[in-house]
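Any value given below was found using the heavy atoms of this structure, including those in side chains, with hydrogens, waters and symmetry copies removed. All figures in this text were calculated on a predicted structure; none of them were measured in a lab.
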Amino acid sequence: MSPYIDPNSAPGYFHAGFKVGWAKHHLRLLDKEIGDFLGSDPKPYTVTFQDDLEAGEYIIKFDLAPAPLTLALMAGDFVACLRGSLDHLASALTLRPGGSPNDRASFPIIPINNSNGRKSFNLALHGVPAAAIEIIRSLQPYHAGDAYVSSKLWRLHRLWNIDKHRRIPLHPAGINLQLTHPAEMPPLSTGADNSGVVRFPLAAKPYIHVKPTMEITINFGDANEGIIVPFKE
């Protein structure tokens, strides 16, 4: 993206490109910050082992340091630029042949194909050429049925709304550590409550092995709003 381009004189669709380029810039910064966090010394996690003789349990506990808030702020900048690029594109399309100028045009992202969804879709794209409208229609999350929540467009839109209106969407980081243990001795508790605690019968202790390599996932989103997006996605 050239720093010598005057955005005021650039065609409308260039602005969408500027936004995408800036979103990529934020993504590169975010990638570096996450790498710095995960590669920090000391490591951002601890693993402790405990014999609970009274309960007859062998306890393994995993603790992960909180991810820096700056990660969520950078992710929000990325999401805002990328989502904004779509609205810039919709506005630019109204200036193309077959369109009619409309500075209120926006890029609709519709999860359910009902009367309200169709009304929102048509209002958003007023003035956009018919051929472009059909392309945008073909990209709508509702084509996936109930799986619309997995649509990339819907996930982008959802993160954008959370970040813009309600809260900074940094979800607690997840940690995956592989354990090997006898099948006849399953864990009593797998830390399903996100406590990071796994309990085994004390008799299983000699057979349990913890692999030293841990995979840490930085997640974005909000569990209360039904969306968790690992950084890799």
Side-chain angles (χ1 to χ4, degrees), residues 1-3 5 15-49 59-89 109 141 149-180 187 190-198 208-233:
M1 185 168 56
S2 171
I5 294 177
H15 290 249
F18 295 152
K19 281 285 188 181
V20 171
W22 201 237
K24 290 179 179 179
H25 169 72
H26 285 301
L27 190 60
R28 287 191 294 269
L29 292 177
L30 178 59
D31 188 33
K32 181 182 182 302
E33 286 292 316
I34 288 178
D36 289 345
F37 170 64
L38 299 184
S40 62
D41 188 17
K43 295 297 183 184
Y45 60 82
T46 59
V47 184
T48 56
F49 306 87
I59 302 172
I60 305 176
K61 184 177 181 181
F62 314 107
D63 286 301
L64 181 62
L69 184 60
T70 51
L71 299 184
L73 295 172
M74 289 180 175
D77 289 339
F78 163 73
V79 166
C81 285
L82 197 59
R83 180 63 181 89
S85 73
L86 295 174
D87 287 335
H88 280 284
L89 177 62
I109 297 179
V149 292
S150 298
S151 159
K152 290 182 173 62
L153 274 181
W154 176 248
R155 287 156 81 81
L156 171 66
H157 185 71
R158 195 71 174 146
L159 286 176
W160 176 67
N161 265 304
I162 294 171
D163 183 72
K164 184 174 67 168
H165 293 298
R166 287 183 285 287
R167 63 190 65 86
I168 298 170
L170 179 64
H171 192 74
I175 187 167
N176 297 318
L177 186 148
Q178 290 188 340
L179 299 173
T180 59
T190 59
D193 60 351
N194 293 321
S195 64
V197 176
V198 186
I208 296 171
H209 302 283
V210 178
K211 291 188 176 181
T213 301
M214 304 182 78
E215 179 186 353
I216 303 174
T217 303
I218 304 297
N219 299 317
F220 300 94
D222 190 318
N224 294 327
E225 305 218 21
I227 179 169
I228 300 297
V229 183
F231 175 68
K232 288 182 178 179
E233 292 187 23

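- Asn161 is linked by a side chain to side chain contact (heavy atoms under 4.5 Å, CB included) to His157, Lys164, His165, Arg166, counting only residues two or more places apart in sequence or in another chain.
- In this structure Arg167 satisfies the side-chain hydrogen bond (donor to acceptor under 3.5 Å, both in side chains) test together with Asp222, Glu225, sequence neighbours excluded.
- Every residue two or more places apart in sequence or in another chain was checked for a side-chain hydrogen bond (donor to acceptor under 3.5 Å, both in side chains) with Asp77, and none qualifies.
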Test side-chain contact (heavy atoms from CB on, under 4.5 Å) applied to Leu82 and Leu27, step by step:
CA-CA 10 Å; Leu82 197 59; Leu27 190 60; over 6 Å; no

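- Partners of Ala80 by side chain to side chain contact (heavy atoms under 4.5 Å, CB included), not counting sequence neighbours, listed by chain and number: Trp160.
- For the atom pair NE2 of His25 and CE of Met74, the computed distance is 8.5 Å after rounding to the nearest 0.5 Å.
- Under the 4.5 Å side-chain criterion, counting only non-hydrogen atoms from C-beta, Phe231 is in contact with Asp31.
- Residues Lys19 and Ser85 share a closest heavy-atom pair of CB-CB, 3.5 Å.
- Rounding to the nearest 0.5 Å gives a distance of 11.5 Å between CG of Asn219 and CG of Leu71.
- The side chain to side chain contact (heavy atoms under 4.5 Å, CB included) test applied to Lys32 returns Asp36, not counting sequence neighbours.
- Note that the CG atom of Leu159 and the CD1 atom of Ile228 stand 9.0 Å from one another [nearest 0.5 Å].
- Taking Thr70 as the reference, Glu33, Pro68 meet the side chain to side chain contact (heavy atoms under 4.5 Å, CB included) condition, with sequence neighbours excluded.
- Between Arg155 and Ser150, the closest heavy-atom pair is CD-O, 3.5 Å.
- In plain terms, the two heavy atoms of Ala23 and Phe78 that are nearest each other are O-CD1, 3.1 Å.
- For Leu153 against Pro141, the heavy-atom pair with the smallest separation is CB-CG, 4.4 Å.
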Test side-chain contact (heavy atoms from CB on, under 4.5 Å) applied to Ile60 and Val47, step by step:
CA-CA 7 Å; Ile60 305 176; Val47 184; 4.0 Å; yes

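- In terms of heavy-atom proximity, Trp22 sits nearest to Cys81 at CD1-SG, 3.6 Å.
- Considering only heavy atoms from C-beta on, Ile227 stays 4.5 Å or farther from Val149 through its side chain.
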